[in-house]
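As structure tokens, the structure follows; a few thoughts come after it.
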Protein chains: 2
Amino acid sequence: MDNLKKALTLRQEEVYEYIRTRTQETRLPPTVREIGERFHISSTNGVRSILAALIKKGYIKRSPRLSRGIEILDNEPAAPTVENASNMVEIPIIGRVAAGAPILAVQNLEGTVTVDRDFLASQPNVFALRVKGDSMINAGIFDGDLVFAREQKVADRGEMIIAQVDDEATVKYYQPQPEWIELRPANPKYSPIIVKPESHFSIAGRVIGVMRKIN
Amino acid sequence: MDNLKKALTLRQEEVYEYIRTRTQETRLPPTVREIGERFHISSTNGVRSILAALIKKGYIKRSPRLSRGIEILDNEPAAPTVENASNMVEIPIIGRVAAGAPILAVQNLEGTVTVDRDFLASQPNVFALRVKGDSMINAGIFDGDLVFAREQKVADRGEMIIAQVDDEATVKYYQPQPEWIELRPANPKYSPIIVKPESHFSIAGRVIGVMRKIN
DNA sequence: TTGACAAATGACCAGTTGTGCAGTATATTT
DNA sequence: AAATATACTGCACAACTGGTCATTTGTCAA
């Protein structure tokens with residue numbers, strides 16, 4: 001599925017080509033505004049929409065908030081050592097969640113991580129989310145960690161889930177009550193989130209792993 | 001080979017080496033502040049004075065006002081840049097540590113994990129260790145977690161390291177004292193380990209990441 | 001006709017980043 | 001003794017940079 005790269009629009013092709021050559025020639029990936037300048041796009045958001053499409057289609061990867069954090073994903077798989085790759089799974093990383101949209105609705109993909117199939121027990125439909133805040137600190141999940149979840153719409157009481165409330169995706173313990181749903185943090189500093197029936201709530205998945213980079 | 005180059009001070013050498021490896025590994029030259037962070041230089045001007053010296057001696061080049069505009073002036077034309085086709089790195093997992101043997105000795109290896117190069121910032125000489133016990137629980141490291149470390153024999157005070165004491169490898173904070181070495185856990189239930197000079201002690205590496213499988 | 005999508009605008013915010021200025025302390029060189 | 005180089009601290013500032021919000025325009029398919 002990943003060898004068949006999705007087709008690019010003309011504009012996306014241009015921008016991709018520019019990033020590629022610029023990176024190769026000057027050793028530095030361009031900034032968002034530099035791309036905009038090159039193509040006479042006056043708004044950073046014009047560029048962003050194109051970059052988002054390129055991420056979605058697997059051509060580039062971005063490190064959020066990092067200046068010049070665009071990386072060309074050169075996957076010419078170079079033929080040999082093929083079978084090795086089959087043991088790996090490519091997992092989409094969810095960035096910020098757009099209101100209303102289903103969590104995997106690609107609009108906010110930040111990129112992908114490739115992980116060992118063993119790590120995820122080869123489960124299907126896995127995605128990753130970058131954690132914001134320290135509300136799950138007692139569960140060993142820190143700010144900036146990458147949590148992995150298996151996509152599922154239901155969960156058992158007490159399981160750690162990724163929940164989508166309005167336009168936010170959070171990691172919490174699932175504690176359904178008769179009249180409402182309680183999302184319990186693992187940090188005494190925070191109170192449980194009470195989700196009333198009128199909110200937009202859904203379970204996005206159950207947490208199955210964590211990854212943290214230190215320093 | 002490059003005898004024409006003027007000699008560098010120790011500090012300049014360190015910084016130069018850092019810029020070189022960082023640029024190669026992450027594809028992005030560091031910012032001034034990132035360099036300062038790495039070497040605990042609190043003022044950007046401390047870094048600037050070193051960079052100025054490196055420019056003067058012909059080791060680097062800077063593009064004024066350009067973010068990340070540091071360029072290594074290498075006499076080597078940068079090879080054919082064949083590069084790794086795959087973006088993955090295979091990391092050895094250390095099992096039980098035989099007394100006296102270096103930690104990466106073959107008899108200690110338990111297996112390998114393959115991880116995304118980005119996760120480890122493609123650092124060289126990385127290994128992994130399965131954590132036993134809950135002594136680092138407040139650092140978000142639980143029993144059974146896999147911790148990743150970069151092999152190095154020295155560390156700064158307070159860094160999280162993998163230490164080898166007699167025939168055990170443990171993850172702890174490094175707190176050297178004048179007369180002994182203190183290995184501090186991140187769990188109030190445990191006391192620091194005091195390593196007396198007569199013990200077989202060595203630093204195996206600095207912890208750079210954690211991975212946990214849940215359920 | 002409606003709806004999804006790509007592409008773009010313009011204003012704005014927050015955090016990053018390079019630079020400038022004023023100093024300090026310690027070596028080494030002249 | 002004086003001059004210079006090195007290696008910093010601390011603070012402030014302007015420019016840069018990425019991200020967000022609200023809207024708009026055109027295309028293409030159902």
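Here the structure is a predicted model, which means the values were calculated and not measured. Per chain, numbering begins at 1; letters A, B, ... match sequence-line order.
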Looking only at heavy atoms, which two atoms of Leu28(B) and Pro29(A) are closest? And how far apart? CD2-CD, 3.4 Å
Measure from CG on Asn45(A) to C1' on dA6(C) and round the result to the nearest Å. 13 Å
Go through Phe39(A) and Val47(A) one step at a time and tell me if the side-chain contact (heavy atoms from CB on, under 4.5 Å) criterion holds. CA-CA 9 Å; Phe39(A) 293 100; Val47(A) 176; over 6 Å; no
Base of dG19(D) paired with side chain of Thr44(A) (donor-acceptor, under 3.5 Å): yes
Protein-nucleotide distance (Leu10(B), atom CG; dA27(C), atom P), rounded to Å: 15 Å
Quick one: is Ser67(B) getting a side-chain N or O under 4.0 Å of the dG18(C) phosphate, OP1 or OP2? no
In residues 30-40 of chain B, which ones come under 4.0 Å of DNA chain C, going by heavy atoms? Thr31(B), Val32(B), Arg33(B)
State whether Thr9(A) places a side-chain N or O below 4.0 Å from either non-bridging phosphate oxygen (OP1 or OP2) of dA6(C). no
Residues in side-chain hydrogen bond (donor to acceptor under 3.5 Å, both in side chains) with Arg20(B), at least two apart? Glu17(B)
Under-4.0 Å salt bridge between Glu34(A) and Arg68(A): yes
Indicate the atoms forming the closest heavy-atom contact of Ile162(B) with Ala169(B), along with that distance. CG2-CB, 4.3 Å
For the pair Asp134(A) and Lys189(A), find out whether any cationic side-chain nitrogen is under 4.0 Å from an anionic carboxylate oxygen. yes
Check whether any side-chain N or O of Arg68(A) sits under 4.0 Å from OP1 or OP2 of dT17(C), and answer yes or no. no
Length of the CG-C1' vector between Leu51(B) and dA5(D), whole Å: 16 Å
To the nearest Å, give me how far apart CD1 (Ile70(A)) and C1' (dG19(D)) are. 13 Å
Once you round it to whole Å, what is the distance between C1' of dA25(C) and CD1 of Ile41(B)? 16 Å
In whole Å, I'd like the distance from the CG atom of Leu54(B) to the C1' atom of dA5(D). 14 Å
Under the rule for salt bridge (Lys or Arg N to Asp or Glu O under 4.0 Å), what residues qualify as partners of Glu13(A), not counting sequence neighbours? none
With respect to the phosphate group of dA8(C), does any side-chain polar atom (N or O) of Ser49(A) fall under 4.0 Å of OP1 or OP2? no
Check this one for me: any side-chain N or O of Arg48(A) less than 4.0 Å away from OP1 or OP2 of dG19(D)? yes
Between NZ of Lys61(A) and C1' of dG18(D) the distance, given in whole Å, is 19 Å
Base, sugar-phosphate or nothing for Ser43(B)? Non-hydrogen atoms, less than 4.0 Å. base
Ile55(A) CD1 to dG18(D) P: how many Å, rounded? 12 Å
For dT6(D), take OP1 and OP2 only and decide whether either is under 4.0 Å from a side-chain N or O of Lys57(B). yes
DNA chain D: Pro64(A) or Arg65(B), which has the more 5' nearest nucleotide? Arg65(B)
